[in-house]
Amino acid sequence: MSDGPTYGFDTLQIHAGARPDPATGARQTPIYQSTAYVFRDAEHAAALFNLQEVGYIYSRLTNPTVAVLQERIATLEGGVGAVCCSSGHAAQIMALFPLMQPGCNVVASTRLYGGTVTQFSQTIKRFGWSAKFVDTDDLDAVKDAIDENTRVVFCESIANPGGYITDIEALAGIADGAGVPLIVDNTSATPYLCNPISLGATLVVHSTTKYLTGNGTVTGGCIVDSGKFDWSANDKFPSLSEAEPAYHGLKFHETFGPLAFTFHGIAIGLRDLGMTMNPQAAHYTLMGIETLSLRMERHVENAKTVAGWLESHDLVDYVTYAGLPSSPYYERVAKVCPKGAGGLFTVALKGGYEACVKFVDSLEIFSHVANLGDARSLVIHSASTTHRQLTPEQQEAAGAGPNVVRISIGIENSEDLIADLDQALNTAHS
Ligand SMILES: Cc1ncc(COP(=O)(O)O)c(C=O)c1O
(Lines give C-alpha, C1' and ligand atoms only; values in the text may rest on other atoms or scores of the structure.)
Protein backbone atom coordinates (compact mmCIF):
# COMPACT_ATOMS: atom_id res chain seq x y z
CA MET A 1 0.00 0.00 0.00
CA SER A 2 1.47 3.39 -0.98
CA ASP A 3 1.89 6.36 1.34
CA GLY A 4 -1.15 8.19 0.08
CA PRO A 5 -4.39 9.21 1.64
CA THR A 6 -5.13 8.22 5.20
CA TYR A 7 -7.35 5.17 5.02
CA GLY A 8 -9.97 4.01 7.51
CA PHE A 9 -9.40 1.24 10.05
CA ASP A 10 -11.28 -1.41 8.03
CA THR A 11 -9.09 -0.72 4.99
CA LEU A 12 -5.84 -0.64 6.97
CA GLN A 13 -6.54 -3.90 8.82
CA ILE A 14 -6.51 -5.63 5.40
CA HIS A 15 -3.88 -3.65 3.49
CA ALA A 16 -1.39 -1.90 5.81
CA GLY A 17 2.15 -3.23 5.35
CA ALA A 18 1.23 -5.58 2.49
CA ARG A 19 1.70 -5.36 -1.24
CA PRO A 20 1.51 -8.01 -3.97
CA ASP A 21 4.62 -10.20 -3.81
CA PRO A 22 7.18 -8.56 -6.13
CA ALA A 23 8.51 -11.93 -7.37
CA THR A 24 5.25 -13.77 -8.10
CA GLY A 25 2.42 -11.27 -7.83
CA ALA A 26 0.86 -13.36 -5.05
CA ARG A 27 -1.96 -11.26 -3.66
CA GLN A 28 -1.91 -12.78 -0.19
CA THR A 29 1.26 -12.24 1.86
CA PRO A 30 3.40 -15.37 1.32
CA ILE A 31 4.80 -17.33 4.26
CA TYR A 32 8.52 -16.70 3.76
CA GLN A 33 9.69 -19.94 5.33
CA SER A 34 13.41 -19.18 5.13
CA THR A 35 15.99 -18.95 7.87
CA ALA A 36 18.45 -16.78 5.95
CA TYR A 37 18.59 -14.40 2.96
CA VAL A 38 21.27 -14.27 0.27
CA PHE A 39 23.34 -11.07 0.34
CA ARG A 40 23.80 -9.32 -3.02
CA ASP A 41 27.53 -9.06 -2.26
CA ALA A 42 29.90 -8.55 0.68
CA GLU A 43 29.28 -4.79 0.72
CA HIS A 44 25.53 -5.38 1.02
CA ALA A 45 26.09 -7.82 3.89
CA ALA A 46 28.25 -5.30 5.74
CA ALA A 47 25.69 -2.50 5.24
CA LEU A 48 22.93 -4.71 6.68
CA PHE A 49 25.00 -5.68 9.72
CA ASN A 50 25.93 -2.01 10.27
CA LEU A 51 22.21 -1.07 10.15
CA GLN A 52 23.07 1.34 7.32
CA GLU A 53 20.61 -0.46 5.07
CA VAL A 54 17.35 -2.11 6.12
CA GLY A 55 16.85 -5.65 4.83
CA TYR A 56 16.83 -9.31 5.72
CA ILE A 57 19.75 -11.18 7.26
CA TYR A 58 18.45 -14.01 9.43
CA SER A 59 14.92 -14.82 10.61
CA ARG A 60 15.73 -14.52 14.32
CA LEU A 61 15.96 -10.79 13.56
CA THR A 62 13.64 -10.09 10.64
CA ASN A 63 11.44 -12.03 8.26
CA PRO A 64 9.31 -10.64 5.40
CA THR A 65 6.03 -12.22 6.61
CA VAL A 66 6.60 -11.03 10.17
CA ALA A 67 7.57 -7.59 8.83
CA VAL A 68 4.13 -7.19 7.19
CA LEU A 69 2.43 -8.00 10.49
CA GLN A 70 4.71 -5.54 12.32
CA GLU A 71 3.80 -2.74 9.93
CA ARG A 72 0.10 -3.70 10.08
CA ILE A 73 -0.08 -3.54 13.88
CA ALA A 74 2.06 -0.38 14.09
CA THR A 75 -0.28 1.33 11.61
CA LEU A 76 -3.45 0.26 13.43
CA GLU A 77 -2.02 1.47 16.76
CA GLY A 78 -0.76 4.76 15.27
CA GLY A 79 2.89 3.95 16.10
CA VAL A 80 6.07 4.48 14.09
CA GLY A 81 7.30 0.88 14.34
CA ALA A 82 6.66 -2.49 15.90
CA VAL A 83 8.55 -5.64 16.82
CA CYS A 84 6.74 -8.96 16.88
CA CYS A 85 7.86 -11.76 19.14
CA SER A 86 6.95 -15.26 20.21
CA SER A 87 4.23 -14.50 22.80
CA GLY A 88 2.61 -11.72 24.78
CA HIS A 89 4.87 -12.49 27.71
CA ALA A 90 7.92 -12.26 25.46
CA ALA A 91 6.66 -8.84 24.30
CA GLN A 92 6.55 -7.63 27.90
CA ILE A 93 10.15 -8.70 28.62
CA MET A 94 11.27 -7.31 25.26
CA ALA A 95 9.56 -3.98 26.05
CA LEU A 96 11.24 -3.69 29.45
CA PHE A 97 14.66 -4.91 28.30
CA PRO A 98 15.99 -1.66 26.70
CA LEU A 99 14.71 0.41 29.63
CA MET A 100 15.71 -1.50 32.74
CA GLN A 101 18.97 -2.21 34.55
CA PRO A 102 19.63 -4.07 37.81
CA GLY A 103 18.11 -2.05 40.67
CA CYS A 104 15.37 -0.49 38.51
CA ASN A 105 11.65 -0.95 39.03
CA VAL A 106 8.34 -0.97 37.15
CA VAL A 107 5.32 0.71 38.70
CA ALA A 108 2.51 -1.63 37.65
CA SER A 109 -1.25 -1.75 38.04
CA THR A 110 -2.66 -4.33 40.46
CA ARG A 111 -5.26 -5.13 37.78
CA LEU A 112 -3.26 -7.26 35.37
CA TYR A 113 -3.40 -10.71 33.82
CA GLY A 114 -2.26 -13.15 36.57
CA GLY A 115 0.69 -14.36 34.50
CA THR A 116 1.95 -10.78 34.27
CA VAL A 117 1.64 -10.32 38.04
CA THR A 118 3.82 -13.42 38.47
CA GLN A 119 6.27 -12.34 35.76
CA PHE A 120 6.67 -8.93 37.39
CA SER A 121 6.56 -9.93 41.06
CA GLN A 122 8.80 -13.01 40.79
CA THR A 123 10.59 -13.75 37.54
CA ILE A 124 12.03 -10.33 36.72
CA LYS A 125 13.78 -10.37 40.10
CA ARG A 126 16.29 -12.73 38.45
CA PHE A 127 17.38 -9.78 36.27
CA GLY A 128 17.72 -7.52 39.31
CA TRP A 129 14.50 -5.71 38.33
CA SER A 130 11.45 -5.31 40.59
CA ALA A 131 7.83 -4.16 40.45
CA LYS A 132 5.69 -2.02 42.71
CA PHE A 133 1.99 -2.77 42.33
CA VAL A 134 -0.50 0.06 42.81
CA ASP A 135 -4.20 0.64 42.31
CA THR A 136 -4.02 2.83 39.21
CA ASP A 137 -7.39 4.41 40.05
CA ASP A 138 -5.57 6.04 42.97
CA LEU A 139 -3.45 8.54 41.04
CA ASP A 140 -1.72 9.84 44.18
CA ALA A 141 -0.62 6.28 44.97
CA VAL A 142 0.85 6.01 41.47
CA LYS A 143 2.76 9.28 41.94
CA ASP A 144 4.00 8.15 45.38
CA ALA A 145 5.17 4.79 44.04
CA ILE A 146 7.42 6.34 41.38
CA ASP A 147 10.97 6.84 42.69
CA GLU A 148 14.36 7.64 41.17
CA ASN A 149 14.79 3.98 40.11
CA THR A 150 11.44 3.72 38.32
CA ARG A 151 11.84 3.30 34.58
CA VAL A 152 8.31 2.40 33.46
CA VAL A 153 4.64 2.66 34.40
CA PHE A 154 2.69 -0.40 33.16
CA CYS A 155 -1.06 -1.03 32.88
CA GLU A 156 -3.67 -2.85 30.77
CA SER A 157 -6.21 -0.76 28.83
CA ILE A 158 -9.06 -3.20 29.56
CA ALA A 159 -7.78 -5.24 32.49
CA ASN A 160 -7.93 -9.03 32.45
CA PRO A 161 -9.97 -10.60 34.03
CA GLY A 162 -12.44 -7.98 35.30
CA GLY A 163 -12.71 -5.89 32.15
CA TYR A 164 -11.90 -2.75 34.21
CA ILE A 165 -10.98 0.33 32.19
CA THR A 166 -7.75 2.19 32.98
CA ASP A 167 -7.53 5.99 32.77
CA ILE A 168 -4.61 5.90 30.32
CA GLU A 169 -4.49 9.67 29.82
CA ALA A 170 -4.11 10.33 33.54
CA LEU A 171 -1.39 7.68 33.91
CA ALA A 172 0.44 9.00 30.83
CA GLY A 173 0.47 12.48 32.40
CA ILE A 174 2.00 11.12 35.61
CA ALA A 175 4.59 9.01 33.76
CA ASP A 176 5.49 11.97 31.56
CA GLY A 177 5.94 14.23 34.59
CA ALA A 178 8.34 11.64 36.05
CA GLY A 179 10.31 11.35 32.77
CA VAL A 180 9.44 7.69 32.24
CA PRO A 181 7.38 5.92 29.54
CA LEU A 182 3.91 4.46 30.00
CA ILE A 183 3.51 0.94 28.58
CA VAL A 184 -0.06 -0.14 27.91
CA ASP A 185 -1.00 -3.78 27.33
CA ASN A 186 -3.79 -3.34 24.78
CA THR A 187 -4.49 -7.08 24.34
CA SER A 188 -8.08 -7.11 25.62
CA ALA A 189 -9.14 -3.92 23.84
CA THR A 190 -7.22 -4.16 20.53
CA PRO A 191 -6.51 -1.00 18.50
CA TYR A 192 -10.09 -1.12 17.21
CA LEU A 193 -11.56 -0.30 20.62
CA CYS A 194 -8.71 1.62 22.23
CA ASN A 195 -5.81 3.67 20.95
CA PRO A 196 -3.40 4.08 23.88
CA ILE A 197 -0.90 6.15 21.85
CA SER A 198 -3.49 8.85 21.17
CA LEU A 199 -4.10 8.92 24.95
CA GLY A 200 -0.39 9.47 25.66
CA ALA A 201 1.12 5.97 25.95
CA THR A 202 4.75 5.61 24.84
CA LEU A 203 4.68 1.89 24.06
CA VAL A 204 1.85 -0.57 23.45
CA VAL A 205 2.27 -4.31 23.98
CA HIS A 206 0.03 -7.10 22.74
CA SER A 207 -0.53 -10.76 23.18
CA THR A 208 -1.40 -11.30 19.50
CA THR A 209 -2.48 -14.77 20.67
CA LYS A 210 -5.86 -13.23 21.58
CA TYR A 211 -8.18 -10.97 19.56
CA LEU A 212 -5.65 -9.90 16.91
CA THR A 213 -5.41 -13.50 15.69
CA GLY A 214 -8.91 -14.21 16.91
CA ASN A 215 -9.09 -17.92 16.19
CA GLY A 216 -7.07 -19.56 18.95
CA THR A 217 -4.37 -20.98 16.68
CA VAL A 218 -0.99 -19.38 17.50
CA THR A 219 0.83 -17.56 20.28
CA GLY A 220 2.51 -14.28 19.53
CA GLY A 221 3.29 -10.84 20.86
CA CYS A 222 4.05 -7.36 19.63
CA ILE A 223 5.55 -4.12 20.94
CA VAL A 224 4.51 -0.91 19.21
CA ASP A 225 6.50 2.29 19.66
CA SER A 226 4.75 5.67 19.51
CA GLY A 227 8.08 7.25 18.50
CA LYS A 228 7.21 10.17 20.77
CA PHE A 229 9.40 9.60 23.82
CA ASP A 230 12.62 11.58 24.16
CA TRP A 231 15.03 8.87 25.37
CA SER A 232 17.81 11.44 25.74
CA ALA A 233 15.87 13.92 27.91
CA ASN A 234 17.35 12.41 31.08
CA ASP A 235 19.99 9.84 32.00
CA LYS A 236 17.55 7.00 32.80
CA PHE A 237 17.80 5.13 29.47
CA PRO A 238 21.51 4.79 28.60
CA SER A 239 20.99 1.78 26.34
CA LEU A 240 19.02 4.06 24.00
CA SER A 241 20.66 7.42 24.61
CA GLU A 242 24.34 6.53 25.06
CA ALA A 243 26.88 4.42 23.18
CA GLU A 244 25.61 0.81 23.47
CA PRO A 245 28.51 -1.66 23.92
CA ALA A 246 26.27 -4.54 22.79
CA TYR A 247 26.15 -2.94 19.32
CA HIS A 248 29.75 -1.70 18.92
CA GLY A 249 29.00 1.64 20.57
CA LEU A 250 25.99 2.62 18.44
CA LYS A 251 23.88 5.45 19.89
CA PHE A 252 20.37 4.28 19.01
CA HIS A 253 18.46 7.48 19.76
CA GLU A 254 20.96 9.74 18.03
CA THR A 255 21.11 7.43 14.98
CA PHE A 256 17.47 6.38 14.55
CA GLY A 257 15.50 9.19 16.21
CA PRO A 258 11.87 8.14 16.70
CA LEU A 259 12.68 4.60 15.50
CA ALA A 260 15.34 4.07 18.20
CA PHE A 261 13.26 1.71 20.32
CA THR A 262 12.18 -0.39 17.33
CA PHE A 263 15.73 -0.75 15.99
CA HIS A 264 17.00 -1.60 19.48
CA GLY A 265 14.28 -4.24 19.82
CA ILE A 266 15.40 -5.98 16.65
CA ALA A 267 19.16 -5.39 16.68
CA ILE A 268 19.69 -6.24 20.36
CA GLY A 269 16.41 -7.58 21.77
CA LEU A 270 15.66 -10.24 19.16
CA ARG A 271 19.32 -10.84 18.39
CA ASP A 272 20.25 -11.62 22.01
CA LEU A 273 17.01 -12.76 23.66
CA GLY A 274 15.80 -14.64 20.58
CA MET A 275 12.07 -14.44 21.40
CA THR A 276 11.24 -14.40 17.70
CA MET A 277 7.82 -14.80 16.06
CA ASN A 278 7.87 -17.46 13.36
CA PRO A 279 6.42 -16.72 9.89
CA GLN A 280 3.63 -19.32 10.23
CA ALA A 281 2.37 -17.56 13.35
CA ALA A 282 2.59 -14.20 11.58
CA HIS A 283 0.53 -15.67 8.71
CA TYR A 284 -2.29 -16.86 11.00
CA THR A 285 -2.33 -13.50 12.77
CA LEU A 286 -2.42 -11.63 9.45
CA MET A 287 -5.41 -13.77 8.44
CA GLY A 288 -7.17 -12.97 11.69
CA ILE A 289 -6.43 -9.27 11.77
CA GLU A 290 -8.21 -8.75 8.41
CA THR A 291 -11.55 -9.15 10.21
CA LEU A 292 -10.62 -7.51 13.53
CA SER A 293 -13.14 -4.65 13.44
CA LEU A 294 -16.02 -6.93 12.42
CA ARG A 295 -15.25 -9.40 15.18
CA MET A 296 -14.74 -6.72 17.85
CA GLU A 297 -18.10 -5.14 17.01
CA ARG A 298 -19.80 -8.51 17.52
CA HIS A 299 -17.80 -9.28 20.68
CA VAL A 300 -18.98 -5.96 22.16
CA GLU A 301 -22.61 -6.42 21.07
CA ASN A 302 -22.74 -9.97 22.47
CA ALA A 303 -20.95 -9.00 25.69
CA LYS A 304 -23.45 -6.21 26.36
CA THR A 305 -26.40 -8.55 25.82
CA VAL A 306 -24.99 -11.47 27.83
CA ALA A 307 -23.61 -9.35 30.70
CA GLY A 308 -26.95 -7.52 31.01
CA TRP A 309 -28.80 -10.84 31.13
CA LEU A 310 -26.39 -12.31 33.71
CA GLU A 311 -26.64 -9.23 35.92
CA SER A 312 -30.38 -9.73 36.37
CA HIS A 313 -30.08 -13.49 37.08
CA ASP A 314 -31.11 -14.67 40.57
CA LEU A 315 -28.06 -16.91 40.97
CA VAL A 316 -25.57 -14.16 40.12
CA ASP A 317 -24.06 -11.79 42.71
CA TYR A 318 -22.56 -9.25 40.32
CA VAL A 319 -21.08 -8.80 36.83
CA THR A 320 -18.04 -6.56 36.20
CA TYR A 321 -18.63 -5.63 32.54
CA ALA A 322 -17.69 -1.95 32.09
CA GLY A 323 -20.27 -1.62 29.32
CA LEU A 324 -23.11 -1.95 31.87
CA PRO A 325 -24.48 1.28 33.39
CA SER A 326 -24.01 -0.31 36.86
CA SER A 327 -20.23 -0.42 36.38
CA PRO A 328 -18.10 2.25 38.08
CA TYR A 329 -16.10 2.31 34.81
CA TYR A 330 -19.12 2.99 32.58
CA GLU A 331 -18.35 6.72 32.13
CA ARG A 332 -14.67 5.98 31.41
CA VAL A 333 -15.50 3.66 28.51
CA ALA A 334 -16.49 6.61 26.30
CA LYS A 335 -13.11 8.28 26.87
CA VAL A 336 -10.80 5.25 26.73
CA CYS A 337 -12.66 2.75 24.51
CA PRO A 338 -15.14 4.79 22.48
CA LYS A 339 -16.30 1.79 20.40
CA GLY A 340 -17.12 -0.37 23.41
CA ALA A 341 -15.85 -2.10 26.52
CA GLY A 342 -14.66 -5.31 24.83
CA GLY A 343 -15.78 -8.89 25.34
CA LEU A 344 -14.13 -9.79 28.63
CA PHE A 345 -15.62 -9.64 32.13
CA THR A 346 -16.15 -11.62 35.29
CA VAL A 347 -19.29 -12.90 36.92
CA ALA A 348 -19.51 -13.59 40.66
CA LEU A 349 -21.79 -16.51 41.49
CA LYS A 350 -23.87 -17.06 44.56
CA GLY A 351 -22.52 -20.28 46.06
CA GLY A 352 -18.84 -19.25 45.78
CA TYR A 353 -16.03 -21.61 44.76
CA GLU A 354 -18.17 -24.78 44.60
CA ALA A 355 -20.81 -23.18 42.39
CA CYS A 356 -18.12 -21.73 40.07
CA VAL A 357 -16.44 -25.10 39.54
CA LYS A 358 -19.78 -26.83 38.85
CA PHE A 359 -20.81 -24.00 36.54
CA VAL A 360 -17.71 -24.21 34.31
CA ASP A 361 -18.02 -28.00 34.19
CA SER A 362 -21.65 -27.75 33.01
CA LEU A 363 -21.22 -25.36 30.08
CA GLU A 364 -21.53 -26.81 26.58
CA ILE A 365 -20.92 -24.02 24.05
CA PHE A 366 -18.42 -22.21 26.24
CA SER A 367 -15.04 -23.97 26.37
CA HIS A 368 -13.20 -24.18 29.68
CA VAL A 369 -9.73 -23.06 28.57
CA ALA A 370 -6.83 -20.81 29.62
CA ASN A 371 -7.34 -18.35 26.79
CA LEU A 372 -9.40 -15.34 25.77
CA GLY A 373 -10.16 -13.38 22.64
CA ASP A 374 -11.18 -16.35 20.49
CA ALA A 375 -14.16 -16.29 18.09
CA ARG A 376 -15.49 -19.02 20.42
CA SER A 377 -16.88 -18.17 23.85
CA LEU A 378 -14.49 -19.19 26.59
CA VAL A 379 -14.68 -19.45 30.34
CA ILE A 380 -12.25 -20.02 33.18
CA HIS A 381 -12.24 -20.03 36.95
CA SER A 382 -9.29 -17.65 37.42
CA ALA A 383 -8.66 -18.34 41.13
CA SER A 384 -7.94 -22.03 40.51
CA THR A 385 -6.05 -21.50 37.22
CA THR A 386 -4.57 -18.31 35.69
CA HIS A 387 -4.46 -16.47 39.03
CA ARG A 388 -3.63 -19.57 41.13
CA GLN A 389 -0.03 -18.45 41.92
CA LEU A 390 -1.31 -15.19 43.44
CA THR A 391 -1.98 -14.60 47.14
CA PRO A 392 -5.67 -14.21 48.14
CA GLU A 393 -5.03 -10.44 48.47
CA GLN A 394 -3.52 -10.27 44.96
CA GLN A 395 -6.45 -12.31 43.60
CA GLU A 396 -8.96 -9.90 45.14
CA ALA A 397 -6.99 -6.87 43.87
CA ALA A 398 -6.95 -8.34 40.37
CA GLY A 399 -10.70 -9.04 40.53
CA ALA A 400 -10.13 -12.81 40.50
CA GLY A 401 -11.52 -13.99 43.85
CA PRO A 402 -12.70 -17.60 44.40
CA ASN A 403 -16.37 -16.76 43.69
CA VAL A 404 -15.56 -15.29 40.28
CA VAL A 405 -15.59 -16.81 36.79
CA ARG A 406 -13.97 -15.04 33.82
CA ILE A 407 -15.94 -14.97 30.61
CA SER A 408 -14.59 -14.19 27.14
CA ILE A 409 -17.61 -13.69 24.94
CA GLY A 410 -17.30 -14.99 21.39
CA ILE A 411 -19.09 -14.06 18.20
CA GLU A 412 -21.74 -16.82 18.24
CA ASN A 413 -25.50 -16.08 18.46
CA SER A 414 -26.08 -14.37 21.81
CA GLU A 415 -29.34 -16.26 22.43
CA ASP A 416 -27.42 -19.57 22.25
CA LEU A 417 -24.83 -18.27 24.71
CA ILE A 418 -27.55 -17.17 27.12
CA ALA A 419 -29.32 -20.55 26.92
CA ASP A 420 -26.02 -22.32 27.69
CA LEU A 421 -25.24 -20.04 30.65
CA ASP A 422 -28.78 -20.50 31.97
CA GLN A 423 -28.62 -24.30 32.01
CA ALA A 424 -25.15 -24.24 33.61
CA LEU A 425 -26.24 -21.80 36.33
CA ASN A 426 -29.23 -23.98 37.16
CA THR A 427 -27.06 -27.13 37.24
CA ALA A 428 -24.49 -25.37 39.48
CA HIS A 429 -27.19 -24.64 42.03
CA SER A 430 -29.10 -27.93 41.79
C1 LIG B 1 -3.80 -9.17 28.95
C2 LIG B 1 -2.77 -10.20 28.66
N3 LIG B 1 -1.50 -9.83 28.44
C4 LIG B 1 -0.54 -10.72 28.16
C5 LIG B 1 -0.80 -12.07 28.13
C6 LIG B 1 0.31 -13.04 27.82
O7 LIG B 1 0.18 -13.42 26.49
P8 LIG B 1 0.76 -14.81 25.90
O9 LIG B 1 -0.08 -15.89 26.49
O10 LIG B 1 0.61 -14.66 24.44
O11 LIG B 1 2.18 -14.88 26.36
C12 LIG B 1 -2.11 -12.52 28.35
C13 LIG B 1 -2.43 -13.95 28.32
O14 LIG B 1 -3.51 -14.38 28.67
C15 LIG B 1 -3.10 -11.56 28.63
O16 LIG B 1 -4.38 -11.93 28.86
Side-chain angles (χ1 to χ4, degrees), residues 69 73 77 82-96 106 108-124 131 133 136 152 154-166 168 183-191 193-194 196 201 203-224 273 275-278 281-282 284-285 288-289 296 299 320 322 336-337 341-346 367-374 376 378-383 385-390 398-400 406-409:
L69 180 62
I73 299 175
E77 286 286 2
V83 181
C84 281
C85 39
S86 52
S87 70
H89 259 17
Q92 291 168 192
I93 292 294
M94 286 270 299
L96 295 181
V106 183
S109 170
T110 47
R111 296 191 194 89
L112 296 177
Y113 162 55
T116 305
V117 176
T118 309
Q119 189 186 50
F120 284 5
S121 60
Q122 301 300 330
T123 304
I124 65 170
F133 291 95
T136 47
V152 175
F154 187 98
C155 68
E156 291 177 9
S157 48
I158 297 181
N160 173 7
Y164 307 120
I165 311 285
T166 305
I168 295 172
I183 303 182
V184 178
D185 181 341
N186 202 26
T187 299
S188 309
T190 82
L193 299 180
C194 175
L203 301 168
V204 175
V205 290
H206 276 283
S207 166
T208 60
T209 316
K210 316 296 180 195
Y211 293 100
L212 293 185
T213 303
N215 47 41
T217 47
V218 285
T219 60
C222 188
I223 309 140
V224 182
L273 300 178
M275 299 167 166
T276 308
M277 177 180 277
N278 68 74
Y284 282 115
T285 304
I289 225 168
M296 292 316 292
H299 282 295
T320 61
V336 180
C337 300
L344 187 71
F345 58 86
T346 55
S367 304
H368 184 199
V369 295
N371 195 17
L372 61 92
D374 197 325
R376 273 155 281 275
L378 312 174
V379 69
I380 197 159
H381 183 229
S382 304
T385 55
T386 52
H387 289 64
R388 192 182 184 87
Q389 320 297 342
L390 275 57
R406 181 185 79 188
I407 295 189
S408 171
I409 292 290

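As the structure lists them, so they are numbered: ligands from 1, and atoms in each ligand from 1.
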Item to check | Heavy-atom donor-acceptor pair, Thr208 side chain to Gly221 backbone, under 3.5 Å | outcome: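 Yes.
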Next on the checklist: With a 3.5 Å distance limit and no angle check, can you tell me whether Thr110 reaches the backbone of Phe133 through a side-chain donor-acceptor pair?
Outcome noted: no
Checklist entry - Would one find an N or O of His89, backbone or side chain, under 3.5 Å from an N or O of ligand 1? => result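 The answer is yes, given that His89 and ligand 1 share an N or O pair closer than 3.5 Å.
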Next on the checklist: One residue to check: Leu372. Relative to ligand 1, which of side chain, backbone, both or neither has a non-hydrogen atom less than 4.0 Å away?
Outcome noted: side chain
Any [X] heavy atom less than 4.0 Å from ligand 1:
X: Thr219; result: no
X: Gly220; result: yes
X: His206; result: no

Using a 4.0 Å cut-off to any heavy atom of [X], which atoms of ligand 1 qualify?
X: Gln92; answer: 3 (N), 4 (C)
X: Ser207; answer: 4 (C), 5 (C), 7 (O), 8 (P), 10 (O)
X: Glu156; answer: 1 (C)

Looking at [atom], what's its closest protein heavy atom, distance included?
atom: atom 8 (P) of ligand 1; value: Gly88 N, 3.4 Å
atom: atom 12 (C) of ligand 1; value: Tyr113 CD2, 3.4 Å
atom: atom 3 (N) of ligand 1; value: Asp185 OD2, 2.6 Å
atom: atom 9 (O) of ligand 1; value: Lys210 NZ, 4.0 Å
atom: atom 16 (O) of ligand 1; value: Asn160 ND2, 2.9 Å

Checklist entry - Under 4.5 Å between any side-chain heavy atoms of Asp374 and Ser367, yes or no? => result no
Item to check | Val336 vs Ile158 side-chain heavy atoms within contact, under 4.5 Å | outcome: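 Heavy-atom side-chain distance check fails, nothing below 4.5 Å.
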Compare every heavy atom of [Y] with every heavy atom of [X], then report the nearest pair and how far apart it is.
X: Ala91; Y: Val205; result: O-CG1, 4.0 Å
X: Ser157; Y: Asn186; result: OG-OD1, 2.7 Å
X: Glu77; Y: Cys194; result: OE1-O, 4.2 Å

Checklist entry - Cut-off 3.5 Å, side chains only: do Thr213 and Thr285 have a donor facing an acceptor? => result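 The answer is yes; a qualifying pair exists.
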Item to check | Distance-only donor-acceptor check, side chains Thr320 and Thr346, under 3.5 Å | outcome: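 Indeed, the side chains of Thr320 and Thr346 share at least one donor-acceptor pair under 3.5 Å.
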